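Because the structure is a prediction, the values reported are computed rather than measured.
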Amino acid sequence: MFHIIFSSDENYIKYTAVLINSIIKNTNINLSFKDICKNSGFDAPKDSSFSSYKAINFDNLSSEQKQEGYIFHILSDNISSQTQNKLNSLQNELNQIYPCQILTHIIDDKEFSNFPISGAAHSNFLTYYRLKLESYLDPSIDRCLYLDADMLCLFDIRELFAIDLEDNILAAVNDPGSKKRKIKYKQNSQIITHKFTNDYFNAGFLLINTKAYKQNQIEQKCQSLAQKCTYIKAADQDLLNALIPSDKLLKLPIAYNFSSISFCFSICKDENPHRLNCTRAEFMQSYKEPKIIHYGEKPWRFLQSYTDSQNRNINDIWWEFALDTPYFKDELLKKDIKEYKLFAALGAEILRVNSGIFGYFAIKNLINNPQNDSNLSSDNISSELFGLCCILGEMIIYARKHKKGALSVLLKIYKMKKIFKKYNTKQFL
């Protein structure tokens, strides 16, 4: 059986249901897990930052490990009876396509009262729930996969369970952001600064060797470090990156956790050593065939964002699965989604004005006069620029909310336009 874990509050269950649906619909029922094991494995190119790995030997697996079927574990602080009934119905319908079971585990936020409020843990402690494997997984389970709910699966995910993790604690994908990150913690009355390396991974995707995870006491070490932290920005992601040794981390290709913003632009290690830890050639291979899309611009808030290598709006791809998700599609359609059009319209206006002194006053006007937003339109923005316009427009919205000055916004806009011009992903096709 293949154990897949999600963390979702009541509001995010419907998005988790879409991800579950995409996993089932992309499972090739004409192939057995034994077939997949025969065709797995990866030989990383020479000097690659990715890890090479072998396929597990199917014949050496236990009967439970050989058994086909997914067990989806949803970790939550509360799930209503109505939502639970919908999950039961979803399970029964998807089970007709491929064997699956949806289990829910209610965890008390109080267990994490000593953990820092940061990053994804700004309003609750859901993001930390994944750390407590022993609370919800049977001791006999040797591996599991954690996925963020804002993802979409585009491949047969059993491929991941065919990877021989050997003695690695987990397999993960490099984070696309800057690697100039750090955490600070108190030890023996001193403040220690831990600087992250270029191997810093995104914790939205974790293929976990549960045996090694427990043997290395990662849960306990995370709790101990969390209580000592004086500066931390990315919650459990920072904790895991600080505690997983580099030689116990299997580094997977970017395709397994392809960040949506990378469809717009990406900066690779042969262009800047502190960004994506892969070459441009390696990145483009993943770009052309992403296996899991990780949405920063949530499709339930943005009906349009970036386009893929085939010029498809990536948010349309998510909605194709959403509208095919039993028992949740009606709930997903209830929202009136239009705020993204304002972001794009503001961004288009930014691109229209110059970056000089006139641009400064134009941006100041956009920040200070939201009543004029109705005069702007996103109707004629090209699909290639739409995502960039959303990024730029959100800078204006942020400046309004946090009372930022026009000069600081102008500098950020200049930097983003420069990055897009140099690293726009499509120009490398």
Side-chain angles (χ1 to χ4, degrees), residues 3-5 7 42 44 48-54 75 112 115-116 118-121 125 127-137 141-148 160-161 163-185 187 192-229 231-254 256-257 259 269 274-278 292 294:
H3 294 263
I4 303 178
I5 300 164
S7 294
F42 175 73
S48 174
S49 297
F50 299 150
S51 304
S52 295
Y53 52 84
K54 299 177 293 184
L75 316 180
F112 302 92
F115 281 67
S118 75
F125 294 106
T127 188
Y128 291 120
Y129 288 8
R130 72 189 90 173
L131 299 176
K132 287 186 169 288
L133 295 182
E134 295 180 48
S135 299
Y136 49 83
L137 287 184
I141 297 169
D142 71 326
R143 65 177 57 204
C144 64
L145 174 66
Y146 171 85
L147 297 175
D148 274 353
L160 290 167
F161 291 89
I163 294 174
D164 188 349
L165 291 173
E166 299 181 349
D167 63 346
N168 289 293
I169 298 172
L170 57 81
V173 173
N174 200 244
D175 190 86
S178 171
K179 302 305 185 296
K180 294 181 179 179
R181 303 176 184 231
K182 62 186 177 184
I183 61 170
K184 296 180 180 180
Y185 59 94
Q187 184 171 294
I192 307 296
T193 299
H194 176 92
K195 294 182 179 180
F196 295 113
T197 70
N198 289 339
D199 288 328
Y200 186 91
F201 56 84
N202 182 280
F205 168 108
L206 299 170
L207 181 61
I208 304 170
N209 179 341
T210 56
K211 183 178 179 181
Y213 185 93
K214 293 172 185 176
Q215 285 178 343
N216 287 273
Q217 298 182 308
I218 300 302
E219 177 187 329
Q220 293 78 9
K221 289 177 180 177
C222 281
Q223 185 166 355
S224 176
L225 180 58
Q227 293 170 356
K228 298 174 184 176
C229 278
Y231 174 85
I232 183 170
K233 292 193 72 174
D236 61 311
Q237 179 167 291
D238 279 355
L239 295 177
L240 288 168
N241 272 278
L243 293 168
I244 304 295
S246 180
D247 62 348
K248 298 297 181 184
L249 172 67
L250 193 72
K251 298 157 219 170
L252 296 177
I254 306 300
Y256 289 107
N257 183 2
S259 174
K269 72 175 185 180
H274 301 298
R275 296 302 287 258
L276 262 178
N277 201 13
C278 67
I292 295 175
H294 195 168

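Atom CD1 of residue Ile244 and atom CG of residue Leu206 lie 8.5 Å apart, to the nearest 0.5 angstrom. Residue Asn209 holds its CG atom at 7.0 Å from CZ of Arg143, rounded to the nearest 0.5 Å. One finds the CG atom of Asp148 at 12.5 Å from the CD1 atom of Ile5 (value rounded to the nearest 0.5 Å). Within the model, atoms OG of Ser7 and CZ of Phe125 stand 14.0 Å from one another, a figure rounded to the nearest 0.5 Å. Expressed to the nearest 0.5 Å, how far NE2 of His194 lies from CD of Gln187 amounts to 12.5 Å. Rounding to the nearest 0.5 angstrom, the gap separating the CG atom in Leu276 from the NZ atom in Lys269 is 11.0 Å.
Two residues are said to be in side-chain contact when any heavy atoms from C-beta on lie closer than 4.5 Å; Val173 and Ile292 fail this criterion. Side-chain contact between Lys251 and Asn174: absent, with no pair of heavy atoms (C-beta onward) separated by less than 4.5 Å. Taking the side chain as every heavy atom from C-beta outward, Asp236 and Cys222 never approach each other to under 4.5 Å. The closest side-chain heavy-atom distance from Leu252 to Ile163 is below 4.5 Å. Taking 4.5 Å as the limit, some side-chain heavy atom of Pro245 sits within range of a side-chain heavy atom of Ile169. Glu134 is listed as a side-chain neighbour of Glu219, based on a closest heavy-atom distance under 4.5 Å. Looking only at side-chain heavy atoms (C-beta outward), Ile232 and Tyr185 stay at 4.5 Å or farther from each other. The closest side-chain heavy-atom distance from Leu170 to Phe201 is below 4.5 Å.
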Open item on the list: Let's go through Glu166 and Tyr53 carefully: what are the C-alpha distance in whole Å and the side-chain angles of both, what is the deciding distance for side-chain hydrogen bond (donor to acceptor under 3.5 Å, both in side chains) to 0.1 Å, and is it a yes or a no?
Closed with: CA-CA 9 Å; Glu166 299 181 349; Tyr53 52 84; over 6 Å; no
TODO: Determine, stepwise, if the pair Leu131 / Tyr213 fulfils side-chain contact (heavy atoms from CB on, under 4.5 Å).
DONE: CA-CA 10 Å; Leu131 299 176; Tyr213 185 93; 3.9 Å; yes
- [ ] Apply side-chain contact (heavy atoms from CB on, under 4.5 Å) to Phe115 and Cys229, showing your working.
- [x] CA-CA 9 Å; Phe115 281 67; Cys229 278; over 6 Å; no
TODO: With side-chain contact (heavy atoms from CB on, under 4.5 Å) as the test, would you mind laying out the steps for Cys144 and Leu133 before giving the verdict?
DONE: CA-CA 9 Å; Cys144 64; Leu133 295 182; 4.1 Å; yes
- [ ] Start with the C-alpha distance between Ile4 and Phe161, add both sets of side-chain angles, then the distance that settles side-chain contact (heavy atoms from CB on, under 4.5 Å), and finish with yes or no.
- [x] CA-CA 10 Å; Ile4 303 178; Phe161 291 89; 3.9 Å; yes
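The closest donor-acceptor contact from the side chain of Tyr128 to the backbone of Gln223 lies at 3.5 Å or more, if one exists at all. When atom types are taken as modelled, the side chain of Thr193 and the backbone of Lys184 share no donor-acceptor pair closer than 3.5 angstrom. Without hydrogens or angle criteria, Lys221 side chain to Asn216 main chain gives a donor-acceptor distance under 3.5 Å.
Arg130 and Thr127 are linked by a side-chain donor-acceptor pair at a separation below 3.5 angstrom, with hydrogens and angles left out of the test.
Each of Asn257, Asn277, Asn202, Asn241 was evaluated against Asp175; a single residue qualifies, Asn202, per the side chain to side chain donor-acceptor pair (under 3.5 Å) test.
Annotation for Ser52 and Ala44: closest pair OG-N, 2.8 Å, computed over non-hydrogen atoms.
Sparse packing is recorded around NZ of Lys211, with 12 or fewer heavy atoms of other residues, nucleotides or ligands lying under 6.0 Å away.
Aromatic ring orientation, Phe205 versus Tyr256: tilted (interplanar angle from 30° to 60°).
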